[in-house]
Amino acid sequence: MPDEKNEFRVELYVKFLYPGIILKGDAYTYAGDKVWDGGSPFTNEIIQSLKGRGISKVFYTRSKLSQKRDPKNPMVSDEQIKKSVDISREIEQAVTSKSIIPEKGVNEVVDGFINNISSSEGTVLNLLELKEYDDYTYTHSINVCLLSILFAKKMNYNEKGLKIVGIGALLHDIGKQMISKEILNKPFNLTREEFEIMKKHPIYGYELIRSQSSYGTLIQKVVLLHHEKYIGKGYPFGLRGEQIGEIAQIVSLADNFDAITSERVYKPARPYWYALSTIKKESGTSFAPRLARAFVEDMPKYLTEAEIFTKGGFVVLNTGEVGEVIDYRFPQSLKPVVNIFINSKKEIVRYPIPVNLEFDDSRTIENVLEDEGILKRLREIKEKITSKKEKSPYNPVLDPEIVKTVEEKVEETKEIPPTIIEEAQKLDQVQIDKDLFIDNETDLK
Ligand SMILES: [Fe+2]
Ligand SMILES: [Fe+2]
C-alpha cells in the first residue's frame with residue numbers, strides 16, 4: 001500500500017545500527033539534530049556516541065522507491081489485500097494464543113488471490129510496501145504468497161497446485177512468530193546463539209502447522225523446506241536438488257525476491273534489477289537453474305510497469321565495459337541496448353559502440369552506477385566522444401577513480417550476500433522423517 005506522497009519517515013533503533021550501514025537519507029534525532037549523512041556508512045564511533053548520549057532512535061525521510069508498486073492496472077483487488085492483512089493478524093493471534101490457525105480465512109484469501117491472478121491479462125502484480133516495520137511479517141508473507149501463486153501459474157500449476165503453493169507461501173514464516181523481534185530485526189550481526197534460534201523458524205512453523213491446522217504434508221513441506229538450497233547448504237536439513245522439490249523452491253524464489261526488494265530496519269529496498277541479478281547468480285547454488293531462469297525471464301513483465309534499467313542510466317557489464325542504456329524493446333527488459341563508452345581495458349573508446357544485449361549472450365549487466373561524482377564524469381566523457389566538434393577525442397586514459405569504481409562494481413554483485421547458512425552451526429537433531437517430504441509432488445500441474 002503505497003504512501004500518498006511517496007515519502008515518509010523511517011525510524012531506526014540505535015541498537016540495530018551497525019558500522020557500515022548506509023541509510024538512504026540523512027539521519028536525525030527526534031530533537032531535530034542531524035547526526036549522519038545519508039549515503040555514507042555509519043562508523044562505530046558515531047553509533048557509540050549516540051548510545052552514550054542515551055539516544056535510542058533516529059530517523060530519516062525516505063524518498064520514493066525506484067520501482068513503483070502501485071501499477072495502473074493492479075492484478076489483485078484492494079478488497080482481497082485488505083482481507084489478507086486481516087487474516088495475517090488472525091494467524092498471529094492464533095500462534096500467540098496457541099489456538100487453531102484460521103484455515104477457512106486462509107483458504108478464502110488464497111482462493112481470492114488465485115482468482116485475481118488467473119484473470120489478470122494485461123495487469124501488473126501490486127505488491128505491498130510496508131509503512132511500519134512491525135507490519136513486515138504481514139506484508140512479506142502476503143507478497144511471497146502473491147509472487148508464488150503468480151510464478152506457479154506461469155509454471156503451469158493446476159488449481160490444486162496453486163492452492164498448496166499459495167497457502168504454504170502465506171504461512172512460510174509463521175514460525176518466526178515464535179522468535180523475539182529483537183532477533184528478527186538484526187540478522188546481520190546476530191550472535192551464534194541468535195543464529196541458531198533464527199534458523200529454527202522453519203521447524204517451529206512446521207510444528208505449528210502440524211499441531212494447529214489440518215493442512216497436509218505438502219503445505220508442511222513448503223514451510224519446512226523454504227530455506228533449503230539447491231546445492232545442499234540450506235537449513236534445516238541441507239537437502240539437495242530434487243530432494244527439495246519444486247514447491248518449496250518456488251516459495252524460496254519469491255521469498256528472496258521480496259526480501260531483497262523490501263526495505264527493512266537494517267537495509268534499504270534494493271531495485272528489481274538487483275534482485276533479479278542476485279537470483280541469476282544464485283542459480284545452481286540456492287535455486288534449481290531451470291526455476292531461477294524461468295523466474296528471471298518470465299516474471300518481470302508481471303511485476304512492474306517501470307523500466308528495469310532506466311534509459312540514460314550508466315551500467316557496468318560483466319566484461320567490465322561501461323555504457324549508457326539507450327533503448328529497449330520492453331521497459332521490463334533485462335537486456336536493453338547499451339552504448340559502450342569505456343571498454344574492458346578501461347579505455348575510453350573512440351566512438352560509442354551500441355550493443356543490443358538481446359542478441360549478445362556474452363554480455364550481461366552486472367551493476368548500475370549511482371555515485372553522482374562518477375556519473376558527472378561519465379556524462380562529460382560521453383559528451384566528449386559523441387560531440388562532433390572535437391577532431392581527435394580519443395583519450396584512452398581513464399581516471400583511476402572510475403577504474404576503481406567499475407572494478408568494484410563488477411565484483412560487488414558477484415558476491416553472494418552473507419547468509420545465515422554459512423555461519424550457523426548444525427541444528428539440534430530434530431525428529432522429522434525427511435522421506436515424508438520427498439517425491440510427493442504429483443498432480444500439481
Ligand atoms: Fe523464512
Ligand atoms: Fe520469508
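Owing to the predicted nature of the structure, the values given are computational and were not obtained by experimental measurement. Whatever order the structure lists them in is the order used to number ligands and atoms, beginning at 1. Hydrogens, waters and symmetry mates play no part in the numbers below; they use all other heavy atoms, side chains included.
Sequence neighbours left out, the pairs with a member in residues 157-166 that pass side-chain hydrogen bond (donor to acceptor under 3.5 Å, both in side chains) are Asp111-Lys163, Tyr157-Glu246.
A salt bridge is absent between Lys280 and Glu297: the closest approach of a Lys/Arg side-chain nitrogen to an acidic carboxylate oxygen does not fall below 4.0 angstrom.
Considering only residues two or more places apart in sequence or on other chains, Glu90 meets the side chain to side chain donor-acceptor pair (under 3.5 Å) condition with none of them. Applying the ring-ring contact (aromatic ring centres under 6.0 Å, His included) criterion to Phe42, with sequence neighbours excluded, gives Trp36.
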- Audit row: Glu92, Tyr138, side-chain hydrogen bond (donor to acceptor under 3.5 Å, both in side chains) steps and yes/no: CA-CA 9 Å; Glu92 189 174 23; Tyr138 300 168; 2.5 Å; yes

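Counting only protein N, O or S atoms, 4 lie closer than 2.8 Å to the Fe ion (ligand 1).
Environment of CZ in Arg290: crowded, with over 12 heavy atoms of neighbouring residues, nucleotides or ligands closer than 6.0 Å.
Taking the Fe ion (ligand 2) as reference, His140 places its N/O/S atom NE2 nearest.
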